[in-house]
*Asks:* 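Before anything else, here's the structure in question.
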Amino acid sequence: MRHGKYPFIIGFLAVPVTLYVTFVVAAYVQTFQLAFTDWSGLGPISYVGFDNFVELWNDELFWRSVQHNLFLLLALPIITIAIALVFAFLLNVGGGHRGGTTKGVWGSKVYRIIFFFPQLLALAIVAVIFGRVYSPDDSGLINGLLPAGWDPILFLADKQLAMLCILAVLVWQSVGFYVVLFSAGMGSVPTEIYEAAALDGANRVTLFFRITIPLLWSTIQVAWVYLGIAAFDVFALVNIMSVERGGPDGATSVLSLMIYRNAFEFSQAGYASALGVSLFILTLAFAALTLRVTRRDAVEL
Amino acid sequence: MTDVFTKPELDRRTLLRRAAAVGLLATPAVGMLSACVGGGEEKTQDQAEGAKSDTNPLGVDPKAPLEIIIFNGGLGTKYATDVDIPSYNKLFPESKVAFSETTEIGKVVQPRINAGTPPDMVNNAGAGLMDMAAIVKAGQAQDLTDMFNAPSVDIAGKTVKDTLVPGAYEQGLFDGKPMVLNYAFTVYGLWYNAALFKKNNWTLPKTWAEFTTLLDQIKAKGITPFAYAGANAAYYQYLAILTSAAKIGGAEVLKAIDENADGAWTAEPVKQAAAAWAEIGAKYSDKKFSGLRHTEVQLQQNQDRVAFYPCGSWLENEQAKDTPAGFEYAVIPMPSITGADKLPQTAIYAAAGEMYYVSSKGKNPRGGMEFLRHMLSKEAAAGFTKLTKVLTVVQGAADGLTVSPGLSSGNELVKAAGKDYFGYRWPELYKKLDTECQAATNELMFNGGTADKFCDRMQKAASAI
């Protein structure tokens with residue numbers, strides 16, 4: 001029945017491809033076009049060549065935002081993956097080998113739900129909640145717990161701490177998803193391998209580094225790309241949580257927020273598009289680099 | 001103007017991203033720009049027109065529907081639905097007025113402008129307002145000259161323009177033409193709880209020395225003497241600094257900043273004002289306020305934990321729900337910094353704000369202008385003040401109204417100031433400079449900044465425009 005193959009495939013692809021072209025590809029093309037204009041967001045459009053990119057190059061806030069994005073790009077995946085791996089290991093294998101099966105630590109089913117829970121909350125809600133947690137006076141959850149007489153910690157209003165505070169929320173929110181992802185990966189590792197290693201006298205640490213990580217490598221690689229993309233788009237958290245929107249004094253500014261503010265608040269849609277183009281290039285570069293650097297020979301099971 | 005409340009942008013993109021996981025192309029921020037492209041091509045709609053008459057000086061088609069959109073913030077929308085629309089419909093009962101409200105004007109109206117079907121009358125206000133200069137430049141705003149020159153609805157023998165307080169008309173000029181109506185007349189000063197002050201026998205300060213002495217007394221009571229919300233409303237404070245600067249050096253100081261004159265920000269009065277306020281920030285406030293939002297600080301004032309708060313006259317209405325019984329809002333002008341200030345101690349920052357414009361490319365621009373004419377009637381203006389506790393630009397419309405202590409206090413301030421009131425427009429003209437000034441102000445007040453640093457930083461940013 002070869003003759004029916006193409007209509008079948010086209011039938012499946014038509015709707016998603018049309019949607020993708022309309023709402024993603026066309027939008028990108030238009031953004032590239034707008035990046036070379038001085039369009040305000042309203043009214044006439046005129047082309048200005050590379051002016052937007054020259055302005056970008058000289059924009060100090062742009063470079064600081066890039067730095068913040070790069071910081072998140074490194075810190076978010078490393079911390080999240082490290083924590084998620086340890087948790088997943090403890091939940092699945094950490095309980096040791098008993099009666100022919102490997103088990104997680106005691107109560108691992110409950111922990112699994114607890115870890116996953118933040119994932120169920122909308123990011124905007126998480127941001128609002130943590131805004132209260134970090135509140136710089138005694139109404140804040142953390143500052144309220146400090147002994148009386150201590151100076152409150154400013155958290156989001158402190159230039160040094162603000163970015164770390166946002167990073168902490170991002171990690172808190174993402175870890176659960178990757179615990180589940182890695183758990184699934186570990187579930188597909190045959191228990192015989194663990195058993196054999198345990199018989200050879202490997203302790204938990206050795207199991208983790210010598211068995212679990214190599215066998216999970218492709219899952220970790222995917223996690224890294226996802227988290228990297230999340231690090232490029234921390235718009236919701238920064239927009240809602242940070243003081244002065246990206247402050248104090250630009251200390252939490254990121255590219256996505258800059259795009260939003262330039263497009264919709266400063267009436268510089270052309271400039272915002274140029275920012276968008278640079279974010280696009282950065283993301284592509286990151287994805288290409290990640291896939292190349294983490295390429296290893298997959299371990300066949 | 002009345003609401004700096006920043007509505008959180010919900011992140012539905014996260015969901016899409018996870019679901020799609022097509023992964024590599026998921027930098028969604030880039031795509032969102034194009035949601036509003038499509039401007040450029042000119043669409044001319046049929047615009048309604050009727051016969052002109054004495055009661056219909058703008059030639060409104062009495063049957064044509066009218067669409068208005070109101071920002072729902074500190075002022076609410078009741079004044080439009082309960083006062084202005086009935087007033088319009090009294091004259092044009094056959095015209096159906098379609099009313100809608102939003103907290104994000106830009107997000108609702110901008111796509112409609114680009115689609116060529118804007119609402120007829122737009123209340124461009126709130127944190128998500130559109131850049132008015134850009135709208136005018138794009139030819140989307142109706143020239144309101146005819147409306148201002150038309151006779152007032154209920155003040156006999158006067159044109160609409162004649163009924164306004166001085167400066168209100170000028171505030172809406174773009175290249176010499178009135179393109180926007182600034183309707184609310186907002187008075188700025190230092191707000192306090194009159195009941196608390198009476199209880200403690202604190203006398204209201206006129207000079208800076210009296211001010212700091214009083215702040216010392218307040219501090220001794222364990223109350224934070226002065227605070228503003230650094231997290232999202234630092235502009236209340238830079239307004240205070242620039243008000244002091246104008247009192248020292250005259251309104252020309254602000255004019256120079258509006259015109260972006262060379263050295264406007266490094267002028268001596270600005271420096272003196274910044275230095276005086278920096279000391280207040282360092283000695284009489286607390287760093288923690290740099291991380292609090294305006295609602296939180298205003299609540300603390302309602303709880304008598306903060307004494308003075310710099311703000312505009314919408315404050316009382318905004319806090320109406322949280323103000324405990326016995327709390328009496330009152331306002332004083334900024335104390336004079338030097339003994340040789342150019343303007344008297346009673347001088348205040350007071351300005352027409354809250355923008356209303358008519359779409360030139362809408363279906364019924366004449367109806368839109370007529371609606372503004374009704375808003376500017378004495379009756380509608382009084383109704384607005386009753387409902388919102390905010391004065392309007394219609395002269396004397398609030399006289400004899402006893403609505404609330406804060407409104408009366410603000411009204412007294414205006415009377416005492418006489419001709420000595422002033423304002424500026426630079427934050428709406430150069431929006432990026434506004435962002436810069438909020439950061440610079442927080443640095444000055446809370447993070448060990450100095451007047452020189454503040455002025456140099458602002459001058460540098462202003463020169464880069």
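Chain naming here is simple, since letters A, B, ... match the order of the sequence lines and numbering starts at 1 in each.
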*Asks:* In terms of heavy-atom proximity below 4.5 Å to chain B, should A:Asn143 be classed as side chain, backbone, both, or neither?
*Replies:*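 Nothing of A:Asn143, per the 4.5 Å heavy-atom cut-off to chain B.
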*Asks:* Would you call the rings of B:Trp426 and B:Trp265 parallel, tilted or perpendicular, taking 30° and 60° as the class edges?
*Replies:* perpendicular
*Asks:* Given a strict heavy-atom distance threshold of 4.5 Å, which part of B:Glu443 is in contact with chain A: side chain, backbone, both, or neither?
*Replies:*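 The side chain, not the backbone.
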*Asks:* Going by side-chain hydrogen bond (donor to acceptor under 3.5 Å, both in side chains), name the residues that satisfy it together with B:Asn260, two or more places apart in sequence or in a different chain.
*Replies:*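 With sequence neighbours excluded, B:Asn260 shows a side-chain hydrogen bond (donor to acceptor under 3.5 Å, both in side chains) to no residue whatsoever.
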*Asks:* Output the option from B:Gln438, B:Gln140, B:Lys287, B:Gln300 having the highest count of non-hydrogen pairs under 4.5 Å with chain A.
*Replies:* B:Lys287
*Asks:* State whether the side chain of A:Ser256 and the backbone N or O of A:Asp233 hold a donor-acceptor pair below 3.5 Å, judged by distance alone.
*Replies:*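 No, A:Ser256 side chain to A:Asp233 backbone: no donor-acceptor pair under 3.5 Å.
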*Asks:* Is it the backbone or the side chain of B:Glu436 that comes under 4.5 Å from a heavy atom of chain A, or both, or neither?
*Replies:* neither
*Asks:* What part of B:Ala134 gets closer than 4.5 Å to chain A, counting heavy atoms only: side chain, backbone, both or neither?
*Replies:*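 Both parts, backbone and side chain.
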*Asks:* In terms of heavy-atom proximity below 4.5 Å to chain B, should A:Leu156 be classed as side chain, backbone, both, or neither?
*Replies:*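 For A:Leu156, no heavy atom lies under 4.5 Å from chain B.
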*Asks:* Looking at A:Asp249 and A:Lys159, is there a salt bridge between them, counting it only when a charged N and a carboxylate O are closer than 4.0 Å?
*Replies:*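 Yes, charged N to carboxylate O under 4.0 Å.
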*Asks:* For the residue pair A:Phe36 and A:Phe53, categorise the inter-ring angle as parallel (less than 30°), tilted (30 to 60°) or perpendicular (more than 60°).
*Replies:*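 Ring orientation, 0 to 90° scale: tilted.
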